[in-house]
Enquirer: 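Pasting a structure below so you can have a look.
What you see below is based on every heavy atom in this structure, not just the backbone, and it leaves out hydrogens, waters and symmetry mates. Computed from a predicted structure; not experimentally measured. So you know, we letter chains A, B, ... as the sequences are listed, proteins then strands, and number each from 1.
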Protein chains: 2
Amino acid sequence: MTVIPNLNIVPFVSVDHMMKLVLKVGIDTFLRELADVVEEDFRRWQSFDKTPRIASHSTEGVIELMPTSDGTLYGFKYVNGHPKNMKEGRQTVTAFGVLSDVGNGYPLLLTEMTILTALRTAATSAVAAKYLARQNARSMAIIGNGAQSEFQARAFKAILGIDTLRLFDIDRSASEKCARNLAGQGFAIKICDSAEEAVEGADIVTTVTADKQYATILTDNMVGPGIHINAVGGDCPGKTELHRDILLRSDIFVEYPPQTRIEGEIQQLPPDYPVTELWRVITGEQQGRANDRQITLFDSVGFATEDFSALRYVRSKLPSTGLYTELDLLADPDEPRDLFGMLLRCEAALV
Amino acid sequence: MTVIPNLNIVPFVSVDHMMKLVLKVGIDTFLRELADVVEEDFRRWQSFDKTPRIASHSTEGVIELMPTSDGTLYGFKYVNGHPKNMKEGRQTVTAFGVLSDVGNGYPLLLTEMTILTALRTAATSAVAAKYLARQNARSMAIIGNGAQSEFQARAFKAILGIDTLRLFDIDRSASEKCARNLAGQGFAIKICDSAEEAVEGADIVTTVTADKQYATILTDNMVGPGIHINAVGGDCPGKTELHRDILLRSDIFVEYPPQTRIEGEIQQLPPDYPVTELWRVITGEQQGRANDRQITLFDSVGFATEDFSALRYVRSKLPSTGLYTELDLLADPDEPRDLFGMLLRCEAALV
């Protein structure tokens, strides 16, 4: 007997199911496997239909749609960025996403992506650092200890073996929250009183602050030779974290130049300033870190292919975990041309 | 006691709930009220942030995102168009949409939009015809009797009083389906053997075929004086329904010229060919129909503001009908910066 699939049903991963999925797989395994998928998709960069995100800016923040396709699957993420939300008890960034079949346009997955974005951002940072940080890197400064910080720490531990953290946030309670959440997970953690103190002796510096403005989290004198800077927080026009002089001393690696030149740290530089695309480093076409004194900078803004990787990774986990529900999202009349008849039959059934 | 809203919850209108909502409100009332909201939003056209849809084309079809915002609310629709789907028992067009709060970026509504798109397309056609068809119009030819046809008929009856239908489809069973579905709803219906026969004596001609190709559903000799043509089916590059000569004899009205010039019938004309924006007719800034011999053409492709109108209309109906469920779509930790802690607490609760 052939099982006829319910064409109208779309698997939905709620926030609750996403948390249970991550925990069932294991945070470290989830991050490692997700990093593998992110890396795999960077490796086949040229098979993706790439377009800068479509942003709708307002005085309070931004709402963005980030679509991409590899010709077989299509994915997009809805994501907002509203710095003021935190004061109202809301997330600065929330997101959800959809993966679809290019062949018939039907959605295959709808999922929360607030947690998933935190995981994919951290996994992507770790993939970049694998190619750009010094091989013997063990310590990381994290400047900005908000919602993304622990995910960065866990990804860098799972994928690079980072075991020493130096935390700084202008709000010390954020650092304390971060340290508390990471306790007992194999890190030596120091809460620092300044960004200067945090970067002292760190092999990697991750900046992940949330202000929507030009900020200078790092100044030039704070950056010694051999450091890898993982700049995560500056990700929209008018929002940067690094002093321009640091950029000029670094070798800069980016996801997708047309987007990064608008949204990344390099919006401070001329539009033709040389940068290296991360995917070319991953494929071996261009060099990543050349020596132990070089300053490398991953100017990360988050790109649609990373969300695509996350969507297809989550989808791959659904059959084995069952951690989803079925959503009646698509009208599916018995006869496709008979949409109105479906309405009439619904009416007849209600009487 | 203050009720604390669940910030993570997004109201979701499934296909089943949408059908029940339409039936509870009543199809005619739904179409009339929706047409009023569509018209209201056309009237304040200049307050919308407009951008052409973002299309991802493949050999089989297209997946599109259609976002817009009025500065207070943000809406987008996901819609596919895959002509071959019908043969596989799938809808050619399926859709879902989201309405969000611009102030904090949080979604306020997720809804099926396959049925809703059929309703908003029909309502928009009727709004245009209200301004462009002859006042005494009573009969309409519908060429292409697929999923959209009955919705067009019902909207033109509810809003303009059209009570005579002349149906034609290259597949006669489609016309029979359409006639059957509209039986007992106050129409005199004739199934015709050709498009030529269908347009004979019709005051309005609606073309709503589905082929993704340059087609010529209407030729010049078929179009007599005074007719209003409601061209719904031609809505993407390479897909048109009318012979070019008809366009040259008509006064052409469109939703959003930058999009229509790419997707509409006027893709057959030079890029500077004069057209009138519908919103300018609705506000009274420009003339609609000038006399009873003029041929008017609404070259409809469907625009994001119409979906926005549909989304906000559906949202307004939720409190009174309760026809929705609550979706756990947004991560909502007690402390916004503590996303990772939410994961840890979920883990603790599972043990």
Enquirer: Do A:Arg154's NZ or CZ and the ring of B:Phe340 fall within the cation-pi criteria of under 6.0 Å and 45°?
Expert: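 Output no; distance or angle outside limits.
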Enquirer: Using atom types as modelled and distance alone, determine if a side-chain donor or acceptor of A:Tyr106 lies under 3.5 Å from a backbone N or O of B:Gln91.
Expert: yes
Enquirer: Can you tell if the side chain of B:Glu150 reaches within under 4.5 Å of the side chain of A:Leu344, non-hydrogen atoms only?
Expert: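 Sidechains of A:Leu344 and B:Glu150: no contact.
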Enquirer: What option among B:Ser69, B:Ala118, B:Ser100, B:Cys178 has the most heavy-atom pairs under 4.5 Å with chain A?
Expert: B:Ser100
Enquirer: Shorter than 4.5 Å, heavy atoms on both sides: which option in A:Arg180, A:Glu112, A:Met113 has the most such pairs with chain B?
Expert: A:Glu112
Enquirer: Strictly distance-based, threshold 3.5 Å: is any side-chain N or O of A:Asp16 a donor or acceptor partner for the main-chain N or O of B:Asp328?
Expert: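 Not confirmed, A:Asp16 side chain does not pair with B:Asp328 backbone.
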Enquirer: Just so I know, are the side chains of B:Leu327 and A:Phe96 near enough to count as touching, which here means a heavy-atom distance under 4.5 Å?
Expert: no
Enquirer: Please tell me if the side chains of B:Val15 and A:Met342 come closer than 4.5 Å, counting only heavy atoms from C-beta onward.
Expert: yes
Enquirer: Taking side-chain hydrogen bond (donor to acceptor under 3.5 Å, both in side chains) as the criterion, tell me which of A:Asn145, A:Asp171, A:Thr92 meets it with B:Arg337.
Expert: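 The option that passes is A:Asp171.
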Enquirer: Based on non-hydrogen pairs under 4.5 Å, which of A:Pro107, A:Gly71, A:Ala95, A:Ala174 is most in contact with chain B?
Expert: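 Greatest number of close heavy-atom pairs with chain B: A:Pro107.
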Enquirer: What distance separates A:Asp101 CG from B:Glu60 CD, expressed to the nearest 0.5 Å?
Expert: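 Here the rounded value is 8.5 Å.
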Enquirer: Would you sort out whether A:Leu329 and B:Thr114 count as a side-chain contact (heavy atoms from CB on, under 4.5 Å), showing the intermediate values?
Expert: CA-CA 9 Å; A:Leu329 185 63; B:Thr114 308; over 6 Å; no
Enquirer: With distance as the sole test, does B:His82 use its side chain to make a donor-acceptor pair with the main-chain N or O of A:Val102 at under 3.5 Å?
Expert: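 Present.
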Enquirer: Is A:Ala331 in contact with chain B via its backbone, its side chain, both, or neither, using a 4.5 Å heavy-atom distance?
Expert: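 Both parts, heavy atoms under 4.5 Å.
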Enquirer: Please round to the nearest 0.5 Å and tell me the distance separating atom OG of B:Ser58 and atom CG of A:Asp49.
Expert: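 The CG atom of A:Asp49 is 10.0 Å from OG of B:Ser58, to the nearest 0.5 Å.
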Enquirer: Counting N and O atoms only, with roles assigned by atom type, does the side chain of A:Tyr78 sit under 3.5 Å from a partner on the main chain of B:Val98, one being a donor and the other an acceptor?
Expert: no
Enquirer: Go through the atoms of B:Ile54 and report whether side chain, backbone, both or neither lie under 4.5 Å from a heavy atom of chain A.
Expert: side chain
Enquirer: For chain A, which candidate among B:Leu182, B:Ile115, B:Leu65, B:Leu110 shows the most heavy-atom pairs at distances under 4.5 Å?
Expert: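 Most heavy-atom pairs under 4.5 Å with chain A: B:Leu65.
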Enquirer: Give, for atom CG of A:Asn181 and atom CG of B:Leu339, the distance between the pair rounded to the nearest 0.5 Å.
Expert: 10.0 Å
Enquirer: May I ask you to decide if the ring planes of A:Phe76 and B:Phe76 are parallel, tilted or perpendicular, using 30° and 60° as cut-offs?
Expert: perpendicular
Enquirer: To the nearest 0.5 Å, tell me how far B:Ile9 CD1 sits from A:Ser14 OG.
Expert: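 If we round to the nearest 0.5 Å, B:Ile9:CD1 and A:Ser14:OG are 9.0 Å apart.
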Enquirer: Answer with yes or no whether the side chains of A:Asn104 and B:Asn80 bring together a donor and an acceptor at under 3.5 Å.
Expert: no
Enquirer: Can you tell me if A:Lys177 uses its side chain to pair, donor with acceptor, with the backbone of B:Asp338 under 3.5 Å?
Expert: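 Answer holds: no.
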Enquirer: With a 4.5 Å heavy-atom cut-off, do A:Leu23 and B:Cys346 have their side chains touching?
Expert: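 SC-SC contact between A:Leu23 and B:Cys346 confirmed.
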Enquirer: Supply the atom-to-atom distance A:Lys24 NZ to B:Glu347 CD, rounded to the nearest 0.5 angstrom.
Expert: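 These two atoms lie 14.0 Å from each other.
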Enquirer: Is it true that a side-chain atom of A:Lys84 and a backbone atom of B:Gly103 form a donor plus acceptor pair closer than 3.5 Å?
Expert: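 The answer is yes, because a donor-acceptor pair under 3.5 Å joins these two groups.
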